Number of protein chains: 2
Amino acid sequence: MTRPDIDPKLDLVLERTVDVPPRLVWRAWTEPEHLMPWFCPRPWATVECRIDLRPGGEFYTQMRSPEGKDMEGGSGCYLEIEKERKLVWTSALGPGYRPAVARVHDLFFTAWILMEPQGQGTKYTAIAKHPDEASAKRHEEMGFHEGWNTVVDQLAEYMKTI
Amino acid sequence: MTRPDIDPKLDLVLERTVDVPPRLVWRAWTEPEHLMPWFCPRPWATVECRIDLRPGGEFYTQMRSPEGKDMEGGSGCYLEIEKERKLVWTSALGPGYRPAVARVHDLFFTAWILMEPQGQGTKYTAIAKHPDEASAKRHEEMGFHEGWNTVVDQLAEYMKTI
């Protein structure tokens, strides 16, 4: 598996297994109707999603708080796509590779979602690369490990039902 | 030629012809020894260049003022590469797609360099896409059109000598 080099000061890594096969993990990440049910830790919800699955294509999600407040939606941009193996996108670019507007509270990172068959399930690796230590620390304090673990549980639980 | 959609408020475009063929324009853009002689409007100079020509690879240039002062060097990241036709890179990401640190005076843009055979020469299109109108305006005021035109003249003049 093509895993990028990790810088422990700048990158956050989640490695685990999931008991659904790569085929279903891939569909969960690349089909809006199958992404929205698991993408936010409940009781938060993902209420809109657009996926234009090609390098330079848009990855948009809109989240809603348990109180019903919509967060400002964000468009990311896909960079590398290897079906059922690797998905790379960044929040630092929008659709068509246009640089994202840098607002004060934005968190810019590039994410790798890597999947490998393991028995009947998937060896799942999520990596978030940040521009500096402050961003990586902020992402960690926002609950990167807990949040990304929770949604992978939600992903597996949901994909068993489709 | 795959030309991206243009937003006149956010994008700067330079279209012209160059009297060397796409093969030489490509080499001028992708081989450090052939990039450094023309990449800055003289009497500025490009004193260092690294090119890792693959998606996610580094594009680094270091410029020196006529007074001999080195500017802070910047690493960009290649996004799309089609030999002798298209080169796309961004200053919003560094090597390995890591988001660039957003410093106050940084200008983030994604650039397309497009080339098509035209007679013995090249139809040459350079596009810079910016996150917002302020960045596009600043890039224009920094002399985008004059500067990018000048260096293309330097490119053609130099490539005829190799």
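Fair warning: this is a prediction, and the values are worked out from it, not measured in the lab.
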Under 4.5 Å between side-chain heavy atoms, counting indirect links through other Ile/Leu/Val/Met/Phe/Trp/Tyr residues: same cluster for [X] and [Y] or not?
{"X": "B:F108", "Y": "B:F144", "value": "no"}
{"X": "A:I51", "Y": "A:M115", "value": "yes"}
{"X": "B:F109", "Y": "B:M63", "value": "yes"}
{"X": "B:M71", "Y": "B:V101", "value": "no"}
{"X": "B:L10", "Y": "B:I127", "value": "no"}

- Choice from A:P55, A:P4, A:A92 maximising heavy atom contacts with chain B below 4.5 Å: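 Top option by heavy-atom pairs under 4.5 Å: A:A92.
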- Closest approach of A:A100 to B:P131 (non-hydrogen atoms, all atoms of both residues):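 Where A:A100 meets B:P131 most closely, the heavy atoms are O-CB, 3.7 Å.
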- Query: What's the spacing between A:C77 SG and B:L79 CG if we round to 0.5 Å?
  - Reply: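 Separation between the atoms: 7.5 Å.
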What are the atom names and distances for all donor-acceptor pairs below 3.5 Å between chain A and chain B?
unit_1	atom_1	unit_2	atom_2	d
A:D11	OD1	B:R98	NH1	2.8
A:D11	OD1	B:R98	NH2	3.2
A:D11	OD2	B:R98	NH2	3.3
A:E80	OE2	B:Y97	OH	2.7
A:Y97	O	B:T110	OG1	2.6
A:Y97	OH	B:E80	OE2	2.7
A:R98	NH1	B:D11	OD1	2.8
A:R98	NH1	B:H130	O	2.8
A:R98	NH2	B:D11	OD1	3.2
A:R98	NH2	B:D11	OD2	3.4
A:T110	OG1	B:Y97	O	2.6
A:H130	O	B:R98	NH1	2.8

